[in-house]
Chemist: 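First, the structure itself, so that you have it in front of you.
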Amino acid sequence: MLLANLLRRRCCSSLPLLLGSVVVLWFCSSLHVAAAGSKVEYLPGVQPEGPLPFELETGYIGVGKLEDIQLFYYFVKSESNPNIDPIVLWISGGPGCSSFVAMTEELGPLLFDVPKNNWSLPTLSLNPYSWTKVASFIFLELPVGAGFSYAKSSKNYTATDVETSYHAAEFIRKWLEDHIQYQSNSFYVGGDSYSGITVPMVVQAISDGIDAKFKPLVNLKGYLIGNGVTFKDVNYGDTFRTARGLGLMSIEQYTSAEACKGTDCVDEFGPLFTGEHYYWPNVIGEENDAERFRGYNVHAFDRHLIFKAALIASRWMNHDNVLEALHVRKGCGEKWAKCRIPLHYERTVHDSRPYHANLSTKGYRSLIYSGNADVFVNSFSTERWTKSLNYSVIDDWRPWLINNRIVGYTRTFSNNMTYVKILGSDHIAPTITPADCFIMFKRWISHEQF
Ligand SMILES: *[C@@H]1O[C@H](CO)[C@@H](O)[C@H](O)[C@H]1NC(C)=O
Ligand SMILES: *[C@@H]1O[C@H](CO)[C@@H](O)[C@H](O)[C@H]1NC(C)=O
Ligand SMILES: *[C@@H]1O[C@H](CO)[C@@H](O)[C@H](O)[C@H]1NC(C)=O
Ligand SMILES: *[C@@H]1O[C@H](CO)[C@@H](O)[C@H](O)[C@H]1NC(C)=O
Ligand SMILES: *[C@@H]1O[C@H](CO)[C@@H](O)[C@H](O)[C@H]1NC(C)=O
């Protein structure tokens, strides 16, 4: 017990010479790992069985002082033309959620299937709407503490948000140093939910590095954010407007809520549309429909599964065969969790609008998308702040269509910021409306008209 604790504390730091190297290497195998990146050709439970039909590489990159911070990533090569397709660095929200969640529950190449039972290893199927069909993605576990990322010096390393943005910038320069063939590809940063704060900060840090001529120069083109937290509306005005707009509140309830001021309002009126009364658009409850949707998406048909998804994912992720297949270092970091709670993390930035304003002056493109049925991080608020940057509208509010069907509305500003609303979608839009979101991404990343 004592030995185990000692080893755990020493995990990945200097080699404890007193101990047999076999034990040490087993305990934290980072000690013999040199550079980044190992191929993953097979993953347990992926259907159909056999070699993965897409290219996956995982690895750690050390950043910060003495490379103390070891950031884990999953690199999925574009299934079109990886030599020229853009690369997106994707950061999940939380803060502290693993980017593997984006890779297997949102926009990546895999989706968890509905489990047949509670004991055998969960299975996964291919996502027909994976965004990796048109771009390469680096799913990064950020900040330190999220997913498999860890600090060598301390189990409870507390990173600040600003420091974290510089960790990401250093990460991408080092990754490009190790992957010279991708240095000229267009580069983007993306994320959703809490990453509405993180992504603009990371883009700013990368942009600062470009200004300082840090090598290799990142071919930074822009960023994308889905239902991103941007700042806090203490009166929850847009939340109530959204709930009323969706028909989740009576006119009387809405009138009382509108008159409410301050943070207590959501405690008072929130229960009308949260918890047990949470409304999921496009959710299908019938068993037959669930069967029909199998392999598309664990989430989109049964709200009870939505809450179980974390259990399913962590049962799979923490299985020895999976850890080994993903080249996860043994004994380093914590057990994998969908979202790390509590996360040792210090927030100093509570409003990302100044970052958007700065990035706008640099000509970076941005896609700000929003599933319209997200009551909390809602479209109304997003429409308000994108407008408040005061750039002229170059393509005004209009529907965007797929096969003559209105999917949502869009507007583009002269700072190259495009706002896209997706109707019938929610906080994690690609989970709820995968086909529409895939087409949205494909059009934007390929500079096509909406
Ligand atoms: C899994 O376990 C839960 C209780 O934790 C139970 O409600 C559920 O029916 C079980 N599912 C199956 C498929 O056995
Ligand atoms: C690390 O954090 C956990 C959870 O917050 C706490 O229980 C533990 O005591 C901390 N350990 C150290 C060494 O600070
Ligand atoms: C915006 O840019 C200015 C000038 O480079 C800088 O002083 C300021 O700190 C930046 N703001 C943010 C939020 O990064
Ligand atoms: C928008 O992007 C284009 C390239 O796509 C660039 O030429 C232009 O300068 C950008 N706009 C602004 C306002 O920077
Ligand atoms: C946009 O214009 C409004 C009204 O003139 C002003 O209050 C606001 O500060 C401006 N926003 C920015 C980001 O400059």
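Remember, it's 1-based here, ligands and their atoms both numbered in the order they're listed. These numbers were taken from a predicted model, which means no experiment stands behind them.
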Chemist: I'd like to know whether the aromatic ring centres of Phe441 and Tyr369 sit less than 6.0 Å apart in this structure.
Modeler: no

Chemist: Can you confirm if the aromatic rings of Tyr188 and Trp444 lie within a centre distance of less than 6.0 Å?
Modeler: yes

Chemist: State, with a plain yes or no, whether a side-chain heavy atom of Asp161 is found less than 4.5 Å away from one of Tyr345.
Modeler: yes

Chemist: Measure the acute angle between the ring planes of Phe148 and Tyr74, then classify it against the limits of 30° and 60° as parallel, tilted or perpendicular.
Modeler: tilted

Chemist: Residues around ligand 3, heavy atom under 4.0 Å from any ligand atom, sorted by chain and number. Can you pull those?
Modeler: Gln204, Pro354, Tyr355, Asn358

Chemist: Within ligand 5, which atoms have a heavy atom of Ser388 less than 4.0 Å away?
Modeler: 1 (C), 11 (N), 12 (C), 13 (C)

Chemist: Among Trp175, Trp90, Phe139, Phe137, which one satisfies ring-ring contact (aromatic ring centres under 6.0 Å, His included) with Phe75?
Modeler: Trp175

Chemist: Do you know the tightest heavy-atom contact between Lys421 and Trp400?
Modeler: O-NE1, 2.9 Å

